[in-house]
Amino acid sequence: MGGRRYEDILITLDLVCHGVPSQGAFDAYIKKLQRMFPFNGDNIVEFRFRKFDSWDYRPAIKLTKSKWQILNLSENAYMDAFFEGITFRESCFNCQYCNTKRVGTFTIADFWGIGRHGQTFKKNVACGVSLVIDNQNKMPRLLSEFTEDIYVEKRSMQEAIVEQTNLKFSVVRQDKRDTAIKTLMDSNTSLKRIF
């Protein structure tokens with residue numbers, strides 16, 4: 001009795017990842033935020049590190065009884081550490097997926113630097129541009145279904161990897177990583193820049 005074959009109908013995605021911080025450090029960060037602001041008993045129920053419709057990297061929190069509140073980055077050691085790649089998990093510093101030999105049908109990522117290292121990009125990049133790498137040559141068959149909803153330009157892999165460094169190598173482990181994690185986990189330290 002043979003199983004059904006899914007090669008022609010199953011589509012998988014893998015994504016280019018900058019790195020994943022320790023869950024423990026993130027949980028400690030949320031607890032510190034909760035103590036830092038006078039929320040009058042209100043609790044943090046959601047967190048985002050940027051707006052979804054732009055490259056605006058101001059993190060924000062949503063409380064049970066209120067709208068999104070933007071956080072001040074000048075007093076946010078957790079976000080500083082994230083952007084510097086300090087608090088990532090140990091596996092991120094030796095990631096087996098930081099290359100162009102990908103496992104998904106498609107690889108998705110931010111297309112950093114589009115138009116700066118090749119032909120000019122014809123659209124505004126203020127809200128970001130996605131990189132989609134067709135690892136199994138399935139895009140021609142699928143593209144006709146989406147042409148009304150998306151704008152597509154074919155670019156070279158060389159252009160794609162110039163600024164998308166995680167398609168070339170892992171994030172470098174910094175010497176201050178252990179100290180940073182320990183400091184963030186310490187409930188007695190503030191979120192002001194400490195690294």
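Quick caveat, the model's predicted, so the values are computed rather than measured.
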Does E159 reach the main-chain N or O of G115 with its side chain, forming a donor-acceptor pair under 3.5 Å?
yes
Closer than 3.5 angstrom, by distance alone: can the side chain of R102 be matched with the main-chain N or O of L13 as a donor-acceptor pair?
no
Side chain to side chain contact (heavy atoms under 4.5 Å, CB included) between Y151 and F121: does it pass, once the steps are laid out?
CA-CA 11 Å; Y151 173 78; F121 189 62; 4.0 Å; yes
What's the separation between atom CD1 in I70 and atom CZ in R48, rounded to the nearest 0.5 Å?
7.5 Å
Is there a continuous path of hydrophobic side-chain contacts, each under 4.5 Å between heavy atoms, that joins V103 to L131?
no
Tell me if a side-chain donor or acceptor on K176 pairs with a main-chain N or O of I86 at a distance below 3.5 Å.
no
When rounded to the nearest 0.5 Å, the distance separating CG of D14 from CD1 of I108 is 8.0 Å
Donor-acceptor contact below 3.5 Å, side chain R155 vs main chain G118
no
Heavy-atom closest pair (D42 atom, Q34 atom, distance to 0.1 Å) is O-NE2, 2.7 Å
Is there a donor-acceptor pair closer than 3.5 Å between any side-chain N or O of R173 and the backbone N or O of E90?
no
Start with the C-alpha distance between I30 and L33, add both sets of side-chain angles, then the distance that settles side chain to side chain contact (heavy atoms under 4.5 Å, CB included), and finish with yes or no.
CA-CA 5 Å; I30 295 298; L33 284 175; 4.2 Å; yes
Please give me the minimum heavy-atom distance between C95 and S170, naming the atom from each residue.
N-OG, 2.8 Å
Side chain to side chain contact (heavy atoms under 4.5 Å, CB included) assessment of T87 paired with Y29
CA-CA 12 Å; T87 56; Y29 169 53; over 6 Å; no
If two hydrophobic side chains count as joined below 4.5 Å and joins carry through other members, does L142 share a cluster with V132?
yes
Between the CD1 atom in I114 and the OG1 atom in T120, the distance rounded to the nearest 0.5 Å is 10.5 Å
Pair F106, D134 - check side chain to side chain contact (heavy atoms under 4.5 Å, CB included), show working.
CA-CA 5 Å; F106 300 103; D134 184 359; 3.5 Å; yes
Pair K123 + E153, salt bridge at N-O below 4.0 Å
no
Check whether more than 12 heavy atoms from other residues, nucleotides or ligands sit under 6.0 Å from atom NZ of K168, and answer yes or no.
yes
Aromatic contact, F47 with F26 (centres under 6.0 Å)
yes
Check whether more than 12 heavy atoms from other residues, nucleotides or ligands sit under 6.0 Å from atom NZ of K62, and answer yes or no.
yes
For a quick test of reading the model, state the closest non-hydrogen atom pair linking C98 to F169 and the distance between them.
CB-C, 3.5 Å
Atom NE2 in H117, atom CH2 in W112: separation rounded to 0.5 Å?
12.0 Å
Check the hydrophobic clustering (I, L, V, M, F, W, Y; side-chain heavy atoms under 4.5 Å; chains of links allowed) and say if V172 and F93 are grouped together.
no
N99 side chain to K101 backbone, donor-acceptor under 3.5 Å:
yes
Per the side-chain hydrogen bond (donor to acceptor under 3.5 Å, both in side chains) rule, which among T107, T105, T12 passes with N135?
T107
M185 with V20, same ILVMFWY side-chain cluster at under 4.5 Å
no
Determine whether L143 and I150 make a side-chain contact, defined as any pair of heavy atoms from C-beta on separated by less than 4.5 Å.
yes
With rounding to the nearest 0.5 angstrom, report the OG to CD distance, S156 to Q119.
8.5 Å
Hey, quick one: are I44 and M79 part of the same hydrophobic cluster, counting side-chain heavy atoms closer than 4.5 Å, chains of contacts allowed?
yes
Quick one: pull up OH in Y97 and OG in S91 and give me the separation to the nearest 0.5 Å.
10.5 Å
Between H18 and F83, does the ring-ring contact (aromatic ring centres under 6.0 Å, His included) criterion hold? Intermediate values first, please.
CA-CA 9 Å; H18 174 59; F83 289 126; 7.9 Å; no
Backbone N/O of V16 and side chain of Q164: donor-acceptor pair under 3.5 Å
no
Minimal heavy-atom distance between A60 and W68, with the atoms involved, is O-CZ3, 3.6 Å
salt_bridge(D186, K32) N-O dist < 4.0 Å
no
